[in-house]
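These notes are about the structure you will find just below.
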Amino acid sequence: MALVYVVNGSSMEYALFHKLGHTNTNDLSKADIVCFTGGEDINPDIYGEKPIPGIRFNQLRDEYEIEIYHDCVARNIDMVGICRGGQLLNALNGGTLWQHVNNHTQYHYLTDVDTDDLYWVSSTHHQQFRHGPNGEVIAIARMSTIKHAELETLANIQPKDALDEEVVWYPETRCLCFQPHPEYGDNPQGTEYFAKLMIRFQIGEK
C-alpha cells in the first residue's frame, strides 16, 4: 500500500487509487506516488513550440504543476500522469507532443508493445505523446490519420503505420505517462491495464 498525492484531482482519481489498494494523502512530503491529472492542454512552450490554432492552456496550472514535478524529482517520488498529466510529465522529461491528432476522442484499443495484449481504453484527448530520448514507449494505438505540430504535419497516415504513443515510461525520473483515463468507471480494461503497469514498474514500492 502506498500513499498517493493527487494534483488537481477529483473524486474519481481518489476512488481509483483506493480501488487499487492505496491511501490518499494531502501531504506531498509523505507521498510515495504523485498523480498528475487530466484537463486542458499544456502550454507548448514547455516543449519548445508555439501553439497551433485550437490549443487552450492554463498557464497558472502549468506553473504550479511544474513546481510540484521538480519537488518530486528532488524527493525521489514516483509519478504517474493521466491524460494531460501524462503529457506534462512527458514534456518535462524531454518529450514533445503532437498538438492535435484526429480520431482520438473516442474509445479505442491500445496494444502493449511487450506483451501484444489489447486493452479497450477511454480517450478524451486530441494530443499525443512524442517520447523524449530517455522515454520507453510501452503502449501504442493505431488510430490517427492526421497529426499536427507547430512546424510539422503528417497526413493520410494508414492506421497500421500510425503508431500513436499511448503510454510512455521514464525510468530515470520514474514517471509513467498514461494517455487514457483509468479512473473512468465505465472502462474496466483501462483500469486493469493501469494497475498492471503500476505493478510492472513497482510504482510506489521503493
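Side chains included, hydrogens not; waters and symmetry mates left out as well; all remaining heavy atoms used.
- You'll find the side chain of Leu97 stays beyond 4.5 Å of the side chain of Pro44, heavy atoms only.
- Contact between Ala162 and Lys147 at its shortest, heavy atoms only, is O-NZ, 3.5 Å.
- The shortest side-chain heavy-atom distance between Val167 and Val137 does not fall under the 4.5 Å cut-off.
- The shortest non-hydrogen separation linking Asn103 to Met143 is ND2-O, 3.0 Å.
- The SG atom of Cys35 sits 7.5 Å away from the CG atom of Leu16 when rounded to the nearest 0.5 Å.
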Stepwise, does the side chain to side chain contact (heavy atoms under 4.5 Å, CB included) test hold for Ile55 with Glu49? CA-CA 12 Å; Ile55 299 301; Glu49 293 188 13; over 6 Å; no
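- Side-chain contact check for His181 and Glu183: at least one donor-acceptor pair (N or O, by modelled atom type) lies under 3.5 Å.
- Of all non-hydrogen atoms in Gly38 and Cys83, the two that sit nearest each other are CA-CB, 4.3 Å.
- A donor-acceptor distance shorter than 3.5 angstrom exists from the side chain of Thr37 to the backbone of Asn8, with no hydrogens or angles considered.
- To the nearest 0.5 Å, atoms CG (Leu92) and CD1 (Ile66) are separated by 5.5 Å.
- Neither side chain, Gln87 nor Gln128, offers a donor N or O lying under 3.5 Å from an acceptor on the other.
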Assess the residue pair Thr145 and Asn102 against the criterion (side chain to side chain donor-acceptor pair (under 3.5 Å)); give the C-alpha distance rounded to whole Å, side-chain angles, the decisive distance to 0.1 Å, and a yes or no. CA-CA 7 Å; Thr145 59; Asn102 68 341; 2.7 Å; yes
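- If you check the side chains of Tyr119 and Lys196, you find a donor sitting under 3.5 Å from an acceptor.
- Under the 3.5 Å distance criterion, the side-chain polar atoms of Asp78 are matched with a main-chain donor or acceptor of Gly204.
- Ionic pairing of Asp62 and Arg84 is present here: one or more N-O contacts between side-chain nitrogen and carboxylate oxygen are shorter than 4.0 angstrom.
- Between Ile33 and Ile77, every side-chain heavy-atom pair lies at or beyond the 4.5 Å cut-off.
- Using a 4.0 Å cut-off between charged nitrogen and carboxylate oxygen, Asp112 and Arg200 count as a salt-bridge pair.
- Heavy-atom minimum distance, Ala149 versus Ile52: O-CG2, 3.6 Å.
- Ring planes of His125 and His104: tilted class, angle from 30 to 60°.
- Under a 4.0 Å N-O distance rule, the pair Arg142/Asp161 does not qualify as a salt bridge.
- Classification of the His148-His100 ring pair by plane angle, with boundaries at 30° and 60°, yields parallel.
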Does the side chain to side chain donor-acceptor pair (under 3.5 Å) test come out yes or no for Tyr64 and Asn58, once each step is laid out? CA-CA 10 Å; Tyr64 171 67; Asn58 182 331; over 6 Å; no
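- A heavy-atom distance below 4.5 Å is not found between the side chains of Tyr109 and Val121.
- In this structure, Leu197 and Leu176 have side chains that are in contact, with non-hydrogen atoms separated by less than 4.5 Å.
- For the atom pair Asp32 CG and Thr23 OG1, the distance stands at 9.5 Å (nearest 0.5 Å).
- Residues Glu150 and Lys50 share a closest heavy-atom pair of OE1-N, 3.1 Å.
- Considering all non-hydrogen atoms of both residues, Trp120 and Gln189 come closest at N-OE1, 2.8 Å.
- Residues Ser144 and Asp164 have side chains that bring a donor and an acceptor to within less than 3.5 angstrom of each other.
- Using modelled atom types and a 3.5 Å distance limit, the side chains of Asp116 and Thr111 yield no donor-acceptor pair.
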Assess whether side chain to side chain contact (heavy atoms under 4.5 Å, CB included) is satisfied between Phe129 and Trp98, documenting all intermediate values. CA-CA 7 Å; Phe129 302 143; Trp98 289 108; over 6 Å; no
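- Glu152 and Arg130 are joined by a salt bridge, as a carboxylate oxygen and a charged side-chain nitrogen come within less than 4.0 angstrom of each other.
- We find that Asp41 and Arg56 are not joined by a salt bridge, their nearest charged nitrogen and carboxylate oxygen being 4.0 Å or further apart.
- Contact of the Tyr184 side chain with the Thr124 side chain is registered, since non-hydrogen atoms from C-beta on lie closer than 4.5 Å.
- Between Ile138 and Val168 the shortest side-chain heavy-atom distance does not fall below 4.5 Å.
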Run the numbers on Val6 and Tyr14 for side chain to side chain contact (heavy atoms under 4.5 Å, CB included), then give the verdict. CA-CA 7 Å; Val6 179; Tyr14 293 117; 3.8 Å; yes
After noting the C-alpha distance and the side-chain angles of His22 and His18, does the key distance pass the ring-ring contact (aromatic ring centres under 6.0 Å, His included) rule? CA-CA 5 Å; His22 302 305; His18 179 76; over 10 Å; no
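- Counting heavy-atom neighbours within 6.0 Å of Gln106 CD, excluding the residue itself, gives a total above 12.
- One distance of note links CZ of Phe36 with SG of Cys175; it measures 7.5 Å at 0.5 Å rounding.
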So Leu110 and Leu118, side chain to side chain contact (heavy atoms under 4.5 Å, CB included) or not? Walk me through it. CA-CA 6 Å; Leu110 61 70; Leu118 292 175; over 6 Å; no
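- By the rule that hydrophobic residues join a cluster once side-chain heavy atoms approach within less than 4.5 Å of another member, Leu88 and Phe57 end up as members of separate clusters.
- For Thr25 and Asp27, the side-chain atoms include no donor-acceptor pair closer than 3.5 Å.
- Tyr107 and Asp186 share a side-chain donor-acceptor pair at under 3.5 Å.
- A distance of 9.0 Å separates CG of Asn24 from CG of Leu3, quoted to the nearest 0.5 Å.
- Residue Tyr170 forms a side chain to side chain donor-acceptor pair (under 3.5 Å) with just one option from Asn90, Asn134, Asn93, and that option is Asn90.
- Distance CG/Leu89 to CD/Glu65: 9.0 Å, rounded to 0.5 Å.
- When side chains are defined from C-beta on, Phe17 counts as touching Met198, because their heavy atoms get closer than 4.5 Å.
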